[in-house]
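What follows is a short report on a single structure.
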Amino acid sequence: MTHSRKMGLAVAQMGPLHLADSRGAAVARLMEMMREAKSRNADLVVFPELALTTFFPRYWMSEEAACDAYFERAMPNAETQPLFDLARELQIGFYLGYAELTPEGRRFNTAILVDKGARIVQKYRKIHLPGHSDHKVDAPFQHLEKKFFEVGDLGFTVADAMGATIGMCICNDRRWPESWRSLSLQGAELGLVGYNTPSWNIHWKEPVHLRMHTHLIALQASAYQNAMWIGAAAKCGAEDGFHMIGGSVIVAPSGEIAAQSSTEEDEVIFANIDLALGDTFREHVFNFAKHRRPEHYTLITERTGAGPAVKGPE
Ligand code: CDV
């Protein structure tokens, strides 16, 4: 019989952040949701990917122009310091996504995990960058993550914080089983992800409803297959007319949705999660040490794209 290990988990979905909205306005909204999360007894609140600005990879511009308008040169900085101060005052941790410009001039799509003392305890730089780097003049909008960001160089790591082993990823990473498995192989009990998912696919005529379907199916399958809780925070609604899906969720290791947003606005969802539920799945169906067969998975790291069939014994 496993003893319950409870943690208050809040996910703070954001409605649109328009081009005209300032960092200060974004931070004020995050602070209001942090207060609400605390009032619901949260230990940790998850904010979206690129939570301080509009989803700027949809706009064609030079890298220099993007850096000037949308990247953070330090974290915390003057504009985000109030969020860190509030976290320390309220004793609540948070996940925050932002565009990072390093002192060497490197650009990453980054998320940080901040503990209850407002210390950054983990940093993750997005590895699976979707989209393109060329200007698609006929597309209704761009998805220029491959132009504005480098592939993350920090790998998938976990941190012990807020009483849990926590791993992070960002948006498109959630669609790749490798992301979550890399975290669960390090004992992650809770995975955090922020996202901006445009409702329209500029590459093929994807029915709009599939965007929500593939988002939820990826998170539910990943939580179950990796015996972990997942907290997923959207930035959503129509940013200057460009619509993105909501569907922020807290998913249990059973694959069931424990809480889900119902709007496309700023909205805090909450669950008093029991980390011990993951232990049950880890001890039985997904007892990795007992049941995994990595000697039969070598293709996963040897190949990037699909190749010819591997010959078995005659
Ligand atoms: N920000 C993202 O990574 N968005 C992608 C879109 C382009 C499909 C996503 O996986 O949601």
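Reckoned from all heavy atoms, side chains included, excluding hydrogens, waters and symmetry mates. Whatever order the structure lists ligands and atoms in, that order sets their numbers, starting from 1.
- With hydrogens and angles left out, the side-chain atoms of Ser261 and Glu267 include no donor and acceptor closer than 3.5 Å.
- Residues Arg174 and His215 have side chains that bring a donor and an acceptor to within less than 3.5 angstrom of each other.
- Sorted by first and then second residue, the ring pair (Phe, Tyr, Trp, His ring centres under 6.0 Å) pairs involving residues 285-314 (not counting sequence neighbours) are Tyr224-Phe286.
- Ring-centre distance between Phe56 and Phe71: below the 6.0 Å cut-off.
- The two atoms that bring Leu9 and Val46 nearest to each other are CD1-CG2, 4.0 Å, heavy atoms only.
- Between the side chains of Arg175 and Ser179, no donor-acceptor pair is found at a separation under 3.5 Å.
- The protein residues lying under 4.0 angstrom from ligand 1, judged by non-hydrogen atoms, are Glu49, Phe55, Lys126, Pro130, His143, Glu145, Cys171, Asn172, Arg174, Arg175, Asn196, Thr197, Arg211.
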